[in-house]
Structures are given as C-alpha cells and as structure tokens.
Colleague: 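Input: one structure, supplied below.
Just so you know, ligand 1 is whichever comes first in the structure, and atom 1 is the first atom listed for that ligand. One-based numbering along the sequence shown.
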Amino acid sequence: MTTRQNKPKLLFATSEVHPLIKTGGLADVSGALPIALQKLGCDVRVILPAYGDILESDLSLNFLAETYLPGVPGKVSLLSTHLEDSPVQVWLVGHSSAFARRGNPYMDVHGDIWPDNAERFALFCKVIVLAALDRLHLGWKPDVVHCNDWQTALVPALLKQTPEAPPCLFTIHNLAYQGLFPQATFDALGLPATLWSPEGLEFHGQLSFIKGGLVFANRINTVSAQYAKEIQTHEMGYGLEGLLQYRREELSGIINGIDDAIWNPKTDPLIAQNYSAKSLAKKKVNKTALQEMLQLPAKKDIFMLGCVSRLVEQKGVDLILEFLETITDKPLQFCLLGTGDLSFQKKFVNMAKKNPKQISVIIGYDEKLAHQIEAGADVFIMPSRFEPCGLNQLYSMRYGTVPVVHHVGGLVDTVVDATDKTIADATATGFVFNQPTVAALSEAINRAHLIFNKPRTWQKIVRNNMNADFTWQKSAGKYLDLYQIMQQPFSKK
Ligand code: ADP
Ligand code: GLC
C-alpha cells in the first residue's frame, strides 16, 4: 500500500460542527472525528456553511476564494479557520442570503423550517463538489470525500457526473431526516436532468436529497451496527429499506466515539467537582450542587434521574411524561434539559409546576447544564423509539451515571443490561427495556432503583461504566479502513 493510501487527504462535509454550531450529535461527531483522523495521519479539511453565528463570533477567519454558481445570485466565498486547538482546517462556505441569518442551521428562531432549505443546501453541495475537484484552485484535491446526512447528500450524485471525481462515503446519522422537496424544486435547482428517476433522486414523485447519498456514494455507513440492520427493515426503513438492502454489501455500521477532552469527569471545568472511578464519593458533590441549582430538595440518598434531549417523538419523551405521572409516592427526583416540539415543552413545564419537589424542567439549550446533569444524576434515561447511535448514553457512562435505555439502535450496541450474570462478570453497564411502553420503562427504572439501594453492587456498575472505552480512536481507525478500501480502484462502483 502506498503512503498516499495510508494517509488519505479527506474532505469532511457536514452541516454542523461543535463548537462552531450545534443542534445535536452530528455536531459532536463532526467536531471530534476529523481531529481523531488527523491524529491517525489523514490530512483533513472540514467543510461547513458560514452561518451568521459563526461570522459574528470572534473566530479569526481567512479568505480563501470566491466564485459564482450558475443560477445563484451573488458571490459565494470560501473562508477558513481551525477546529479548536487542532491543526484541522475548517472551510466555511459563505453566501450572505443563504447562510448569514439568525436561527439555527435548519429553522428560524420560532422553530419554523427555513422555506429555502433545498436551495441553501444544494448551494452548499455544489461548492463542496467544486472543492472536491479543486475547481476553486486551492491546490488541494481530496482522495476521499466524506458526506454526512441529507444536507450534503447531493454531493455523491453530482460527483458521479465527473470521471475524475474522488470516491465518496455517505454517513447516515438519522434516516428520519431525508430532505424531501417537491419536483418543482428539483427543476429549480438546475440539477442534471438524468438524476430525476427512481434510480436517482426521485422518491415517489418527490426530490429526495438523501437518495443522492444512498444511491451514488461508493460506500454507505451509519453510526451503529444495529442501526445498519434496522434501516434495512420495513419498520425503520421509511420506504428506503429496499435500496439499503440492495446496497448491503457496501453498507456498514461504525459506532460513534466521544471526545474525551470535552467529556471527562476528571478534568471537566463545567462541573462542581471533578472525580474519577477511584474517587466516586466526590460524584455526590455534583448531585447536591445540581439539586441546589435546580431548587430540588438537596437529599443525598434520593434516586435522581436525569435527561438531556431534543424534545421530539424519536426520543420517546412521551413515555417519560407518562412515567412522571406515577412518581408522587416514590423517593425519586427527575430533571430534564431540552428543547424541541412546543407541545412537549409545555407538557414538561406543566408537569414540573404540578410536582416541583420532585421534578425540575429547564427548557433551553445549555451546554454547561448538560455536563452538570451528566455528572450529578444517578441514572440517565433514554427511552428512544429509534436511536441511530446516541451520544448521551456514552457521556453518561463516562460520568458514572447509569443509563436506562430502550433496546434499539446504538443503545443496543453500547449498553449491557444488568442481570445476575452480567453483574457477576463485571460487564453490566445499564438497564435495558425491550418495549417502547411506559410499563417497560417503569420496570427498568424500578430495577435500577432496587440495585441503587445496594450501594456495593451499584458502585460496581458505575465503575464498569466509567472504565468502558468509547473514545474515538477505535472508530476513527474503522473510518480510515473504509477510506482505504474506497481508494482501491476495484472498489469504485
Ligand atoms: P441527537 O443528535 O439525536 O439529538 P445524540 O445523543 O447523538 O442525539 O446527541 C445529542 C447531543 O446534543 C449531545 O451532545 C447532548 O448533550 C446535546 N443536547 C441535546 N439537547 C441539549 C440541550 N437542550 N442543551 C444542551 N445540549 C443538548
Ligand atoms: C443523529 C442521531 C443520534 C446520533 C447522532 C450522531 O442525530 O439521532 O443517534 O448519535 O446523529 O451520529
């Protein structure tokens, strides 16, 4: 194998990157995986839209290039910066009317989806393609392009139009979000007409961005082996299961890692008291601090459940609401940090008003409080109806906060249910339930509560969690293997 194959030049395309801009786990992955890959010897450029919040921050930005795109009014520019404390360059695609606006990458401040998302992300994809072919004349052409989710999924389709294009990996972080738009949008975007077919971007008469990745990428992966299987079924495939089955030889699952520099109870500057598996008593200081901050009675021995989540159907938050109706006679507390659907937000706020001694709800996005809940709670609940990987259970494990999870997706691949056997062989890390029902969730929480009252056994489980290895190193190696396979000429589709 040549050195070039060992150390590919990689263009990593994504719509969010922590700490520059974040709505969920994709940002965490995009902020950590490129750094892990760079450490393994890849030469990585991350490419991201230049959102208003990034342009207004105090980051120092360098001008790289500018160009015009057919059918797009105004100039498109390319700026550069660095991923915090790392040599990884981030290229920012600037177009003032598409990206320099208030709100998050996908919706306005009222939670309404931007009406021109197809145009915005098609523009982004077209610039990624120019960068991938070095048509912006930067003297750097990637060996591999790695696209993530629907916002970048036109890239593989557009690259396939050009013989000198590098191979492309498409990662599915969440198949529920597909970028579906009317046929008229396809016409307006000026995409090659041949792409309009059921073997291309058409999906039941609509334009499907994600099909660009699923049909045209040389390889496809998703963020856990279990989710890679689930999306090939009728129940979880959203009608794309046939296509995914057809591509199963090129489809794999690679579990996400966590960024140990950010999520580490030994060094975390955002929590009240640092601790490790060897100084577990100190974890309790975080529980008391959290209770005081949230104005819950500061009882050391009460069983404290935590949750940090987008408040959407996917996360099974309706099950949590139902469960909370049943806790008044139990010695437990619950705290939630989240934003999302307005109706869920309202229901949680009302629930906390009804039972303020046991329930605390913070609606909002708060990085610091997310760390404090991970450190302070005894258990973290994730009753997700589906979960491609899930990062919060991994953060909880790192902080010795035992996860209670539904047996689905990445939660299956990362959490080991506590049974007599797994407790005895020191593999137990959490409490897993099989049905997405409130009865099953309650049963798992009760099981956890019973063991919580046996401190020696509980501490064993806590330590198993804290000693588990979910750093990026292993998973980044698997991505590198995939890139290398894709660089071999016979692997091109
Ligand atoms: P998803 O990407 O589906 O939302 P993940 O578990 O992969 O789920 O990642 C969620 C990420 O977003 C985690 O880093 C979590 O801490 C963070 N997060 C979610 N909601 C909030 C919030 N309200 N405040 C702070 N962080 C949040
Ligand atoms: C998606 C999924 C989540 C996953 C994250 C990062 O948002 O919902 O399960 O952890 O992407 O891959």
Colleague: Where's the contact between Val223 and ligand 2, heavy-atom distance under 4.0 Å: side chain, backbone, both or neither?
Modeller: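 The answer is the side chain of Val223.
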Colleague: Is there a donor-acceptor contact under 3.5 Å linking the side chains of Glu374 and Thr401?
Modeller: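 The criterion, which ignores hydrogens and geometry beyond distance, is not satisfied for Thr401 and Glu374.
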Colleague: Using a 4.0 Å heavy-atom cut-off, which part of Cys389 comes near ligand 1: side chain, backbone, both, or neither?
Modeller: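 None of Cys389 does.
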Colleague: When the ring planes of Phe124 and Phe99 are compared, do they come out parallel, tilted or perpendicular, using 30° and 60° as the limits?
Modeller: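 Perpendicular.
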Colleague: Evaluate Asp116 against Arg101 for salt bridge (Lys or Arg N to Asp or Glu O under 4.0 Å), listing each step before the verdict.
Modeller: CA-CA 12 Å; Asp116 55 350; Arg101 43 174 94 163; 2.7 Å; yes
Colleague: Do me a favour and list the nearest non-hydrogen protein atom to atom 8 (O) of ligand 2 with residue, atom name and distance?
Modeller: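 Ranking protein heavy atoms by distance from atom 8 (O) of ligand 2, first comes Gln314 NE2, 3.1 Å.
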Colleague: Determine, stepwise, if the pair Asp43 / Lys7 fulfils salt bridge (Lys or Arg N to Asp or Glu O under 4.0 Å).
Modeller: CA-CA 7 Å; Asp43 176 15; Lys7 299 181 178 179; over 6 Å; no
Colleague: I'd like to check whether Arg310 has a polar contact with ligand 1, where a contact means an N/O of the residue lying under 3.5 Å from an N/O of the ligand.
Modeller: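 Looking only at distances, the answer is yes, because the N/O contact criterion of under 3.5 Å is met.
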Colleague: Is it the side chain, the backbone, both or neither of Asp366 that has a heavy atom closer than 4.0 Å to ligand 1?
Modeller: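 Only the backbone of Asp366 comes within reach of ligand 1.
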Colleague: Show me which atoms of ligand 2 lie under 4.0 Å from any heavy atom of Gly390.
Modeller: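 Answer for ligand 2: 3 (C), 4 (C), 9 (O), 10 (O).
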Colleague: Which protein non-hydrogen atom lies closest to atom 19 (C) of ligand 1, naming both residue and atom, and how far is it?
Modeller: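 Minimum-distance protein heavy atom for atom 19 (C) of ligand 1 reads Val308 CG1, 4.1 Å.
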Colleague: Identify the closest protein heavy atom to atom 9 (O) of ligand 2: which residue and atom is it, and at what distance?
Modeller: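 The closest heavy atom on the protein side is Glu387 OE2, 2.5 Å.
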Colleague: Say whether Glu443 and Asn446, considering side chains only, have a donor N or O and an acceptor N or O under 3.5 Å apart.
Modeller: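 The answer is no; no qualifying pair exists.
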Colleague: Any chance you could lay out the side-chain contact (heavy atoms from CB on, under 4.5 Å) test for Val285 and Tyr275, step after step, and finish with the verdict?
Modeller: CA-CA 10 Å; Val285 177; Tyr275 60 99; over 6 Å; no
Colleague: Could you check whether the rings of Phe433 and His406 sit parallel, tilted or perpendicular, using 30° and 60° as the cut-offs?
Modeller: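 It falls in the parallel class, under 30°.
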Colleague: List the closest protein heavy-atom neighbour of atom 2 (C) of ligand 2: residue, atom name, distance to the nearest 0.1 Å.
Modeller: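 In this structure, atom 2 (C) of ligand 2 has His173 O, 3.2 Å as its nearest protein heavy atom.
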Colleague: Using a 3.5 Å cut-off on N or O atoms only, is Asn174 in polar contact with ligand 1?
Modeller: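 It does not: no N or O of Asn174 is found under 3.5 Å from an N or O of ligand 1.
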Colleague: For His146 and Thr171, test the side chains for any donor-to-acceptor distance below 3.5 angstrom and give the result as yes or no.
Modeller: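 A donor-acceptor contact under 3.5 Å links the two side chains.
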Colleague: Can you list the atoms of ligand 2 that are under 4.0 Å from a heavy atom of Leu26?
Modeller: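 So the atoms of ligand 2 that pass are 6 (C).
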Colleague: Counting only nitrogen or oxygen atoms and a 3.5 angstrom limit, does Gly364 reach ligand 1?
Modeller: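 Between Gly364 and ligand 1, an N or O pair is found under 3.5 Å apart.
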Colleague: Going by the closest heavy atom to atom 7 (O) of ligand 1, which one wins out of Thr23, Leu369, Leu391?
Modeller: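 Checking each option, the heavy atom nearest atom 7 (O) of ligand 1 is found in Leu391.
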Colleague: Looking only at heavy atoms, is any part of Asp28 under 4.0 Å from ligand 2, and if so is it the side chain, the backbone, or both, or is it neither?
Modeller: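 None of Asp28 does.
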Colleague: Tell me whether ligand 1 is touched by His18 - counting only heavy atoms on the residue side and a distance under 4.0 Å.
Modeller: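 Flag not set, His18 not near ligand 1.
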Colleague: Looking only at non-hydrogen atoms, which of Lys315, Glu387, Gln314 approaches atom 8 (O) of ligand 1 most closely?
Modeller: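 Considering heavy atoms of Lys315, Glu387, Gln314, the nearest to atom 8 (O) of ligand 1 sits in Lys315.
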Colleague: Which protein non-hydrogen atom lies closest to atom 2 (O) of ligand 1, naming both residue and atom, and how far is it?
Modeller: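 I find the closest protein heavy atom is Gly25 N, 2.6 Å.
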Colleague: If you measure every N or O of Cys389 against every N or O of ligand 2, does any of those distances drop under 3.5 Å?
Modeller: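 N/O-N/O distance below 3.5 Å exists for this pair.
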Colleague: Do me a favour and list the nearest non-hydrogen protein atom to atom 20 (N) of ligand 1 with residue, atom name and distance?
Modeller: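 In this structure, atom 20 (N) of ligand 1 has Ser309 C, 3.8 Å as its nearest protein heavy atom.
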Colleague: Distance from Met486 atom CE to Tyr483 atom OH, nearest 0.5 Å?
Modeller: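 Here the interatomic distance stands at 8.0 Å.
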Colleague: Is the contact between Gln393 and ligand 1 made by the side chain, the backbone, both, or neither, using heavy atoms and a 4.0 Å cut-off?
Modeller: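 The answer is neither.
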Colleague: Looking only at distance, does Gly390 have an N or O less than 3.5 Å from an N or O of ligand 1?
Modeller: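 No, Gly390 has no N/O under 3.5 Å of an N/O on ligand 1.
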Colleague: Salt-bridge test for Glu56 and Arg102: reply yes if a basic N is under 4.0 Å from a carboxylate O, no otherwise.
Modeller: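 Yes.
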Colleague: Please find out if less than 6.0 Å separates the ring center of Trp150 from that of Tyr177.
Modeller: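 Here the rings of Tyr177 and Trp150 have centres that are no less than 6.0 Å from each other.
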Colleague: Give the contacting part of His173 toward ligand 1: side chain, backbone, both or neither, where contact means a heavy-atom distance below 4.0 Å.
Modeller: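 The answer is neither; His173 stays 4.0 Å or more away.
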Colleague: Can you find a side-chain donor-acceptor pair between Thr23 and Asn104 that sits under 3.5 Å?
Modeller: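 Looking only at side-chain atoms, Asn104 and Thr23 do not form any donor-acceptor pair under 3.5 Å.
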Colleague: Looking only at protein heavy atoms, which one is nearest to atom 16 (O) of ligand 1, and what is the separation?
Modeller: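 Here the nearest protein heavy atom works out to Asn392 ND2, 3.3 Å.
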Colleague: Heavy-atom contacts with Val29 under 4.0 Å: which atoms of ligand 2 show up? List them by number with element.
Modeller: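 Going through ligand 2 atom by atom, the ones under 4.0 Å from Val29 are 6 (C), 12 (O).
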Colleague: Which ligand 2 atoms does Asn174 reach within 4.0 Å, using its non-hydrogen atoms?
Modeller: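 Going through ligand 2 atom by atom, the ones under 4.0 Å from Asn174 are 8 (O).
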